[in-house]
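Step one of this worksheet: look at the structure below.
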Amino acid sequence: MEAISQAVASFTKAQNILNMLTYLNLAAYLWPQPANMNIKGGESFDFLIVGGGTAGCIVASNLAQMNVSVLVIEAGCQPTIDTEIAGLFPLSKNRNFDWNFTTVEDSTKKYHRGGVTEVEQGKVLGGSSILNYMIYGTGNCKDYKDWANITNDSSWTYDSIFPLIKRTEKVIDRRILQSSDVAYHGTQGKIALKKYHSSTNDGFYESYKEMGYKVLNDINVNNPLGFTPAYFTISDSIRQSTAYGFIRPEKDNPNLKVMYRSLVTKVLFDDNKRAIGVEVLTKDRKTITLYANKEVIVTAGPFKSPQLLMLSGIGPQEHLESNEIEVISNVPVGQNLQDHPTNIIIHKLGVVQPVSPRDPHQFPVNVMDGRVAINKCQNYADYQVLSGVMTNSTLFLEICLFTFTFTNEVCARILEQTANHQVHFITHRLLYPESRGEVRLNSTNPEDSPVIDPKYYTNENDLERHAEYIEHYNKIVDTSYYKRLNASFVDPKLESCDGLEVGSKAYWKCYTIGMSTTLHDYVGTCAMGSVVDSKLRVNGVKNLRVADSSVIPKIIGSSVQGAVMVIAQKVSDLLQKEYGL
Ligand SMILES: Cc1cc2nc3c(=O)[nH]c(=O)nc-3n(C[C@H](O)[C@H](O)[C@H](O)COP(=O)(O)OP(=O)(O)OC[C@H]3O[C@@H](n4cnc5c(N)ncnc54)[C@H](O)[C@@H]3O)c2cc1C
């Protein structure tokens with residue numbers, strides 16, 4: 001426990017130093033200057049963008065280049081300098097640019113601080129692309145075929161959206177650029193993508209080959225299954241947030257204005273249910289009204305977009321009426337919440353390693369990305385494994401305690417068993433969960449957090465499948481490389497699994513729940529096909545769209561930020577066409 005106290009103390013100290021840096025706002029020159037002082041209530045803009053997050057920055061930048069006036073209203077601040085340094089991402093948690101949400105009490109989070117999931121979400125220009133883990137993926141053909149089927153709109157198939165992926169990406173990885181895999185990526189976009197190649201991982205790739213999996217230069221629609229170095233939204237050690245990639249180059253564009261620390265509290269409608277503007281609680285706590293000549297675009301993320309719609313009268317009738325909100329459109333806002341249930345697995349490697357110093361400019365682990373299908377004829381994965389070697393127990397504790405918020409006891413028990421050894425740190429995700437959670441209003445106060453209930457594993461199949469897949473992956477401990485390393489699975493000795501034989505089916509089920517966590521891939525709460533149509537227009541009203549992670553109707557088979565960027569590019573094209581811009 002002494003190691004835990006030390007880790008907590010050094011983590012807190014580092015965060016305090018960074019918080020002091022935040023006040024100096026050293027990176028302010030990179031971003032649009034705050035328009036707060038110049039904007040008075042009653043003003044109008046062609047487009048109002050609610051939330052300058054991952055999607056909002058792309059939409060705002062695209063529209064501003066089309067010669068229309070665009071106002072981004074962002075609840076958070078300008079990005080601080082430390083958020084740009086890729087390796088500092090674990091320190092972003094619980095800072096003032098995180099909404100600091102928590103889920104309802106959750107029986108799958110018994111071994112987490114507070115018995116809940118701490119849900120991080122960016123409250124800053126760039127949104128969650130400022131504090132995410134920078135792993136990049138766009139899903140596979142099946143994902144977009146599912147979206148096209150749900151919306152009955154073939155413009156969502158992979159072939160149709162590939163130009164949007166290509167337009168966003170700027171692959172800078174030399175091995176991809178020199179291979180035929182480059183055909184599946186963009187090289188001229190605004191989000192630079194890099195892979196970390198490291199000989200440390202060679203033995204693991206040997207193990208994967210021995211298990212019958214492909215080791216690939218790249219995972220893409222041509223080669224959807226196998227293991228490869230993960231893509232990161234990092235270039236020259238700098239996080240490639242959408243604020244950095246899309247807004248920074250437009251910072252002096254007179255068409256683009258940004259209000260910071262300003263919370264949109266309501267979308268306003270005329271008698272014909274046409275969205276005409278928004279009500280805003282400004283930084284100095286004045287309530288003002290701003291108008292949209294053309295449309296209001298909501299890009300406030302998977303929790304705040306549904307909350308704002310419900311506060312504005314768009315949502316499930318019964319829930320709105322119970323909150324005494326006048327119903328403008330009765331649609332299932334807040335339902336259909338999805339995330340990839342994620343599990344942590346630790347393998348102790350028989351390699352003793354002196355603590356290696358950390359380089360804040362590098363992602364702290366060389367991550368391998370694996371996509372595995374149980375049925376080898378299937379062309380999409382059932383589970384994804386993101387893993388890498390940790391050579392530093394301080395880093396392990398930081399990730400265990402703060403990133404994944406396991407209890408001190410669980411982290412200490414793992415540490416005891418792995419002291420001074422390298423560990424293979426594995427995150428194992430169920431890619432296609434069937435459970436559906438929900439987001440509800442806590443109250444009619446827009447400053448309150450919404451109620452978040454992910455309902456992980458409430459569909460029995462999810463638990464059965466995830467436990468089976470974890471057992472399936474864990475067979476890696478029988479490979480020659482693992483034997484040579486004298487490597488072994490670390491049992492976290494969860495009280496709820498007492499008496500179960502390690503490796504038995506019952507054990508894996510118990511383990512799956514006990515060690516479950518999240519990588520924050522929340523989607524689906526204003527889903528296409530039910531809340532919005534395939535052109536992202538909110539059903540039952542006019543001139544209002546939602547265009548962020550919340551419109552994803554079915555979660556994709558990879559990390560989600562690439563798909564969020566696709567959605568933002570798509571809505572920009574739709575607006576350009578519809579308004580002849
Ligand atoms: C900690 C973390 C790690 C992650 N890691 C990865 C990863 O490695 N790879 C990956 O692909 N995905 C990852 N994700 C998920 C991915 O980052 C998100 O899915 C994506 O960024 C969501 O984009 P968005 O535009 O929907 O919302 P956001 O980017 O969250 O943007 C919403 C914006 O709206 C603002 N806002 C909200 N309400 C209001 C309001 N009422 N008024 C004004 N402004 C408002 C917010 O402050 C925010 O800036 C991670 C997410 C988190 C939180």
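Quantities reported herein were computed from a predicted structural model and do not represent experimental measurements. Counting starts at 1 for both ligands and their atoms, in listed order.
At a 3.5 angstrom cut-off on N or O pairs, Leu263 does not count as close to ligand 1. Ligand 1 has no nitrogen or oxygen under 3.5 angstrom from a nitrogen or oxygen of Gly76. Residue Leu308 has no nitrogen or oxygen atom sitting less than 3.5 Å from a nitrogen or oxygen atom of ligand 1, judged on distance alone. Checking only distances, Trp99 does come within under 3.5 Å of ligand 1, N or O to N or O. Some N or O of Val124 is nearer than 3.5 Å to an N or O of ligand 1, by distance alone. Considering both main-chain and side-chain atoms, Tyr522 never comes within under 3.5 Å of ligand 1 through any nitrogen or oxygen pair.
Across all their heavy atoms, Thr228 and Asp218 have their closest contact at OG1-N, 3.5 Å.
Protein heavy atom in closest approach to atom 51 (C) of ligand 1: His520 CB, 3.5 Å. Summary of contacts: the protein heavy atom closest to atom 26 (O) of ligand 1 is Ser549 OG, 2.6 Å. Nearest protein heavy-atom contact of atom 29 (O) of ligand 1 is Thr54 OG1, 2.6 Å. Atom 53 (C) of ligand 1 has its closest protein heavy atom at Glu120 O, 3.0 Å. Looking only at protein heavy atoms, the nearest one to atom 30 (O) of ligand 1 is Ser128 OG, 2.8 Å. In this structure, atom 31 (O) of ligand 1 lies nearest to the protein heavy atom Gly53 CA, 3.2 Å.
Heavy atoms of Lys93 found under 4.0 angstrom from ligand 1: none, in either backbone or side chain. With a heavy-atom cut-off of 4.0 Å, Val119 does not touch ligand 1 at all.
Taking a 6.0 Å sphere around NZ of Lys283, one finds it holds 12 or fewer heavy atoms contributed by other residues, nucleotides or ligands.
Annotation: Tyr522 is in aromatic contact with Phe303 [ring centroid separation under 6.0 Å]. The aromatic ring centres of Tyr432 and Tyr380 sit less than 6.0 Å apart.
Near Thr299, the atoms of ligand 1 lying under 4.0 angstrom from a non-hydrogen atom of the residue are 32 (C), 33 (C), 34 (O). The distance from ligand 1 to the heavy atoms of Gln121 drops below 4.0 Å at these ligand atoms: 30 (O), 53 (C).
The pair Glu74-Lys123 fails the salt-bridge criterion, with no side-chain N (NZ, NE, NH1 or NH2) lying under 4.0 Å from an Asp/Glu carboxylate O. For the pair Asp82 and Arg95, the salt-bridge criterion is met [side-chain N within less than 4.0 Å of a carboxylate O]. Looking at Asp382 and Arg371, no side-chain N of the basic residue comes within less than 4.0 Å of a carboxylate O on the acidic one, giving no salt bridge. Between Asp146 and Lys554 a salt bridge is recorded (basic side-chain N to carboxylate O distance below 4.0 Å).
Residues passing the ring-ring contact (aromatic ring centres under 6.0 Å, His included) test with Tyr158, sequence neighbours excluded: Phe162. When the side chain to side chain contact (heavy atoms under 4.5 Å, CB included) test is applied to Pro79, the partners found at least two apart in sequence or on another chain are Trp31, Thr83, Val124, Leu125, Ile130, Ala243.
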